[in-house]
Amino acid sequence: MKKHTNIVGAFLLQAASTAVLFSSVAHVNAMETAKVVCGGGLGNKRCTDKNLEAKVVSKDERYGARCCSDTPFFRSKLQDQFGCCVHGGTVTNVSGPGLELAHIYKGEEWFCPKAVTYAEAQTHCSNMGARMCTEEELNNKCAKATGCNLNQALVWASDQASTPFPSMSPSIEASSTPSVSVSESVLDEFDFYPLMDSPDDGIGKISGGIEVYAKECMKNDNCAGFNSNGWLKHTIRRKSQWYQFTDDTSLGLYV
């Protein structure tokens, strides 16, 4: 009987040790991995066209990085047209590990985090006085169109817990079906706000129609949107600063 008890005890001890081992391995694996998601937001057509789906990967792999902060930082944008309450940004004027030289603007070097490890992404955002964006912030387009052509690439999502995401203000609603006849494949990248426009902050005015405006904006990584008159915009102001520029519901702002 004593021998039987010893055997059972040894078995239980071994089972407990195995469970602890598996638990420890799972914990280590969780610490060594993180999620990457589309830099242009959930459902972004340019990511889906490339079959770029959110996934969990090793933190030693290399992906893009986008940063968020409650306060403004270098070249950041507060995109509250998407319901965001944080500033999002990507390009930086501070060199760091893994960053690529993007271009030189008025003698100042600008860098892009196109292929960085998770740790390098953390350093990049910290150097900008920001933090890595959470999965929720990235999915809600809080860092969309902030440089480095990462709208169509996978970027690191912070493994820190996010805070509840506020609902979009109902004062200005986006229309899912603009009343102009356009190619859906071009415009499904944009939300349409009939009658409205965001002041100033234009990259330039082009001609050719809505499809051309959309294609040119998609090709320009600094373009955050455009209006029906052909003005491409590098910044979309807060909704409270928008204004009605027409009575024609087929015209408006594309973001």
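Quick caveat, the model's predicted, so the values are computed rather than measured.
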Partner residues of [X] under the salt bridge (Lys or Arg N to Asp or Glu O under 4.0 Å) criterion, sequence neighbours left out:
{"X": "R237", "value": "D201"}
{"X": "K35", "value": "E135"}
{"X": "D49", "value": "K45"}

Any non-hydrogen side-chain atom of [X] less than 4.5 Å from a side-chain atom of [Y]?
{"X": "V36", "Y": "V155", "result": "no"}
{"X": "L251", "Y": "F245", "result": "yes"}
{"X": "I236", "Y": "W242", "result": "yes"}
{"X": "K141", "Y": "Q79", "result": "no"}
{"X": "T92", "Y": "N127", "result": "no"}
{"X": "L78", "Y": "P72", "result": "no"}

Check side chain to side chain contact (heavy atoms under 4.5 Å, CB included) between [X] and all other residues, then give those that pass, not counting sequence neighbours.
{"X": "R62", "value": "A115, T117, E120"}
{"X": "E109", "value": "L101, I104, F111"}
{"X": "A121", "value": "A65, V116, M132, W156"}

With distance as the sole test, does [X] use its side chain to make a donor-acceptor pair with the main-chain N or O of [Y] at under 3.5 Å?
{"X": "S76", "Y": "F73", "result": "yes"}
{"X": "K77", "Y": "H234", "result": "yes"}
{"X": "R66", "Y": "G147", "result": "yes"}
{"X": "K233", "Y": "S198", "result": "yes"}
{"X": "N227", "Y": "G230", "result": "yes"}

For residues 122-150, which residue pairs pass the ring pair (Phe, Tyr, Trp, His ring centres under 6.0 Å) check, not counting sequence neighbours?
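Checked against ring pair (Phe, Tyr, Trp, His ring centres under 6.0 Å) - neighbours excluded - no pair reaches residues 122-150.
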Hey, could you give me the [atom1]/[atom2] distance between [X] and [Y], rounded to the nearest 0.5 Å?
{"X": "I210", "Y": "C217", "atom1": "CD1", "atom2": "SG", "value": "11.5 Å"}
{"X": "M128", "Y": "N93", "atom1": "CE", "atom2": "CG", "value": "7.5 Å"}
{"X": "L154", "Y": "L52", "atom1": "CG", "atom2": "CG", "value": "4.5 Å"}
{"X": "K50", "Y": "N44", "atom1": "NZ", "atom2": "CG", "value": "10.0 Å"}
{"X": "N151", "Y": "C47", "atom1": "CG", "atom2": "SG", "value": "8.0 Å"}

Sequence neighbours excluded, which residues qualify as ring-ring contact (aromatic ring centres under 6.0 Å, His included) partners of W110?
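In terms of ring-ring contact (aromatic ring centres under 6.0 Å, His included), with neighbours along the sequence ignored, W110 is linked to F74, H103, Y105.
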Checking F226 against I206 for the side-chain contact (heavy atoms from CB on, under 4.5 Å) test, could you report, in this order, the C-alpha distance in whole Å, the side-chain angles of both residues, the deciding distance, and whether it holds?
CA-CA 10 Å; F226 60 93; I206 61 175; over 6 Å; no
For [X] and [Y], which heavy atoms make the closest approach, and how far apart are they?
{"X": "F82", "Y": "N140", "value": "CB-O, 3.4 Å"}
{"X": "G252", "Y": "S228", "value": "N-OG, 2.8 Å"}
{"X": "S69", "Y": "G129", "value": "OG-O, 3.9 Å"}

Do S250 and D248 have side-chain atoms, one donor and one acceptor, less than 3.5 Å apart?
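Yes, a side-chain donor-acceptor pair sits under 3.5 Å.
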Can you find a side-chain donor-acceptor pair between D197 and Y243 that sits under 3.5 Å?
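Yes, a side-chain donor-acceptor pair sits under 3.5 Å.
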Is it true that C67 and C125 have SG atoms closer together than 2.5 Å?
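Disulfide present: SG-SG distance under 2.5 Å.
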Partner residues of [X] under the side chain to side chain donor-acceptor pair (under 3.5 Å) criterion, sequence neighbours left out:
{"X": "N229", "value": "none"}
{"X": "E61", "value": "Y63"}
{"X": "K205", "value": "none"}
{"X": "Q241", "value": "none"}

Apply disulfide (SG to SG under 2.5 Å) to the pair C84 and C142, showing each step before the final yes or no.
CA-CA 6 Å; C84 300; C142 293; 2.1 Å; yes
Take atom CD of E53 as the centre, draw a 6.0 Å sphere, and report whether it contains more than 12 heavy atoms from other residues, nucleotides or ligands.
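Result for CD/E53: open.
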For W231 and Y213, I'd like to know if the aromatic rings sit close, meaning centre-to-centre distance below 6.0 Å.
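Aromatic pair excluded; centres sit 6.0 Å or further apart.
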